[in-house]
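Below you'll find the structure, written out as structure tokens, and then a few comments.
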Amino acid sequence: MSCNEDRILAGYVIETPLDPAAVAEVMAGEQSCGTFTRVAGETDELRARARATVESVRPLDEADRPSLSNAFLERRGVQGPWRRARIEISFPTANIGANLPTLASTVAGNLYDLGEVTGLRLETLRVPAAYRAGFDFPRAGIAGTRRAAGVPEGALVGTIIKPNVGLSAGQTAELVGRLCAAGVDFIKDDEVCADPAHAPLAERIPAVMRVVRAHAERTGKRVMVAFNITDETDAMRRHADLVEREGGSCVMASLNACGYSAIQSLRRHTPLALHGHRNGFGALSRHPLLGIGFQAYQTLWRLAGVDHMHVHGLRGKFSQSDAEVVEAARDCYTPLARGSARDDTVMPAFSSGQWAGTVPATWEAIGRDDLLFMAGGGILAHPDGPAAGVASIRQAWAAVRASVPLAEQARQAPELARALAFFGSR
């Protein structure tokens, strides 16, 4: 079902020993104008105007044991079977307004604590175009990121500062210089390195940007660097200002740690590309009957105005299946609202265990190269050095775009051949 122009549509998977349709009504009431019993002032007119509506209930399978414990049901001696269902609930936009924290609290708040459920997961979130227009849009998005990085076509090849932490500001700048010379398009800080005592941003940003500017003067290529400015809101704004003064084009923030309001404030403060890191998403998503799926998750953060979203990588080192990664990337390419007058698609960032050998699976699944292809070890650990690591990845992308198997391409691409031999058995 598509959402009406004045309603937000949220899709859930629930598990309950009760009637799923009745539980869906409880959810709708709890997250709009109702509670467990009708109260004074809850008139029929108010309900008609403000109550959430159950749009659909579709039964799924049953389980012989609950996914999550539930003292509310245990106190009442309620037994299984535990029925699962997909439900859709629509919420009036007027209940919420253009208020991102309240939107999140409505569609993914107290619902998780309801006594009627032994499992609940927000899977999808759809917003109407007029409602979407009240929120922030990406400042760079896909096209702006390409312009800032000087990459009009092809995948943007990027890497991550490694070691994750421990390098001084000068050592970080020296590494960035080597990576620029190696030919990368994009460099990012690790999510655990923001403003450490051994490399404070006040020192690291100027040191790194001196190197980036010098490289640009020599070659005409200005590498995009995503400085991790994750912090409290005022500090992030100060650090973003420093990046801008030094001629930088991108900042990064850990979305879950900062929160919706801080990311919105940062977006409204800076014109720089905002690289959204989703670290911690696994805690919200790995259980199939708890938390939030990526489609709904990225909808909320894109309403905050991010330009890039992490999706992990195909055949990578993390727990997500390739199918999840592919679906996440496609979500990034999908406008949040049909009929929106502005492009609000964002660039997916593929990361985690990526190297030349994962390029074919990425191309086959995505079929486009509007993405950040970030390799840490795949570049920095190449046996012939970072430049060879970058070359191997570019050679792999050239091969897949020409429908040439990597093994065949490697016959005339020594960097790719070395990468296949070195990383292939890992």
Side-chain angles (χ1 to χ4, degrees), residues 100 135-151 156 158-161 169 172-173 176 179-180 184-191 193-195 199-213 215-216 221-255 257-279 298 301-310 332 342-349 351 370-372 374:
L100 186 54
F135 290 88
D136 295 282
F137 283 74
R139 294 289 183 92
I142 295 172
T145 298
R146 284 193 174 282
R147 286 194 298 271
V151 185
L156 279 76
T159 191
I160 307 96
I161 298 293
T172 303
V176 167
L179 293 172
C180 288
V184 297
D185 304 310
F186 181 90
I187 303 168
K188 65 174 283 293
D189 284 330
D190 194 81
E191 71 274 10
C193 183
D195 197 23
L201 284 166
E203 297 176 9
R204 194 165 84 245
I205 291 169
V208 167
M209 288 309 303
R210 278 195 296 271
V211 170
V212 171
R213 291 194 301 270
H215 179 76
K221 166 76 171 179
R222 181 166 291 237
V223 175
M224 177 177 275
V225 179
F227 291 96
N228 181 7
I229 62 170
T230 300
D231 207 324
E232 54 87 18
T233 306
D234 288 341
M236 289 199 294
R237 287 192 282 233
R238 289 196 305 271
H239 294 320
D241 289 345
L242 177 56
V243 172
E244 187 178 2
R245 287 197 302 271
E246 292 287 340
S249 56
C250 186
V251 291
M252 172 183 130
S254 295
L255 302 177
C258 293
Y260 299 113
S261 297
I263 297 301
Q264 285 184 298
S265 295
L266 178 61
R267 170 71 296 157
R268 293 167 185 177
H269 180 79
T270 182
L272 303 176
L274 181 47
H275 187 83
H277 200 300
R278 74 182 201 182
N279 57 87
Q298 59 93 40
W301 288 113
R302 284 169 61 186
L303 291 175
V306 300
D307 296 283
H308 312 151
M309 282 291 298
H310 274 240
C332 293
R342 294 174 60 183
D343 178 16
D344 68 353
T345 57
V346 295
M347 182 165 277
S351 185
D370 290 321
L371 54 89
L372 292 167
M374 295 191 296

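Index from 1, following the sequence.
- The shortest distance between side-chain heavy atoms of Leu156 and Met347 falls below 4.5 Å.
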- Query: Run the side chain to side chain contact (heavy atoms under 4.5 Å, CB included) check on Val346 and Trp301 step by step: do they pass?
  - Reply: CA-CA 11 Å; Val346 295; Trp301 288 113; over 6 Å; no
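- Closest heavy-atom contact between Ala253 and Met236: CB-SD, 4.3 Å.
- A donor atom on one side chain and an acceptor atom on the other are not found under 3.5 Å apart for His308 and His277.
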- Determine, stepwise, if the pair Asp231 / Leu201 fulfils side chain to side chain contact (heavy atoms under 4.5 Å, CB included). CA-CA 11 Å; Asp231 207 324; Leu201 284 166; over 6 Å; no
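- His215 and Cys180 get closest at one heavy-atom pair: CE1-O, 3.2 Å.
- For the residue pair Asp241 / His269, a side-chain donor-acceptor distance below 3.5 Å is found, with atom types taken as modelled.
- Side-chain atoms of Thr230 come within 3.5 Å of backbone N or O of Ser254 as a donor-acceptor pair.
- With rounding to the nearest 0.5 Å, the separation of CD1 in Ile187 from CG in Leu179 is 4.5 Å.
- No option in Arg147, Arg267, Arg139, Arg146 other than Arg267 meets the salt bridge (charged side-chain N to carboxylate O under 4.0 Å, His left out) test with Asp307.
- Counting only distance, with no hydrogens or angles, the side chain of Asn228 and the backbone of Cys193 share a donor-acceptor pair below 3.5 Å.
- The side chain to side chain contact (heavy atoms under 4.5 Å, CB included) search around Val211 returns Ala173, Val176, not counting sequence neighbours.
- Note that CD1 of Ile142 is 10.0 Å distant from CG of Leu372, once rounded to the nearest 0.5 Å.
- Inter-residue side-chain proximity for Gln264 and Phe135 is flagged as met; some heavy-atom pair is nearer than 4.5 Å.
- Within the 4.5 Å cutoff, side-chain heavy atoms of Met309 are placed close to those of Leu255.
- Minimum heavy-atom separation, Ala207 to Ala169: CB-O, 4.0 Å.
- The main-chain N or O of Gly247 is found under 3.5 Å from a side-chain atom of Arg222 such that the two form a donor-acceptor pair.
- Considering only heavy atoms from C-beta on, Leu274 comes within 4.5 Å of Ile263 through its side chain.
- Under the 4.5 Å side-chain criterion, counting only non-hydrogen atoms from C-beta, Val243 is not in contact with Thr270.
- Proximity of a side-chain donor or acceptor of Asp136 to a complementary backbone N or O of Gly305 within less than 3.5 Å is not detected.
- Ring pair His310/His275 is perpendicular by interplanar angle, where above 60° counts as perpendicular and below 30° as parallel.
- Here CD of Glu191 is found 6.0 Å from CE of Met252. Values are rounded to the nearest 0.5 Å.
- From Phe227, atom CZ reaches atom CG of Asp195 across 12.5 Å, with rounding to the nearest 0.5 Å.
- Between Leu242 and Pro206, the closest side-chain pair of non-hydrogen atoms falls below 4.5 Å.
- Residues Ser351 and Ile160 share a closest heavy-atom pair of OG-CD1, 4.0 Å.
- A 4.5 Å side-chain heavy-atom check between Lys221 and Val184 finds every atom pair outside the cut-off.
- Ion pair Arg204/Asp189 flagged as a salt bridge, since at least one NZ, NE, NH1 or NH2 atom sits closer than 4.0 Å to an Asp/Glu carboxylate oxygen.
- Looking at every heavy atom in both residues, Ser265 comes nearest to Arg237 through CB-NH1, 3.7 Å.
- Inter-residue side-chain proximity for Leu100 and Ser261 is flagged as unmet; no heavy-atom pair is nearer than 4.5 Å.
- Taking each heavy atom of His239 and Ile205 in turn, the nearest pair found is O-CD1, 3.9 Å.
- One distance of note links NZ of Lys188 with CE of Met224; it measures 14.0 Å at 0.5 Å rounding.
- For the atom pair OG1 (Thr345) and CZ (Phe137), the distance works out to 11.0 Å, reported to the nearest 0.5 Å.
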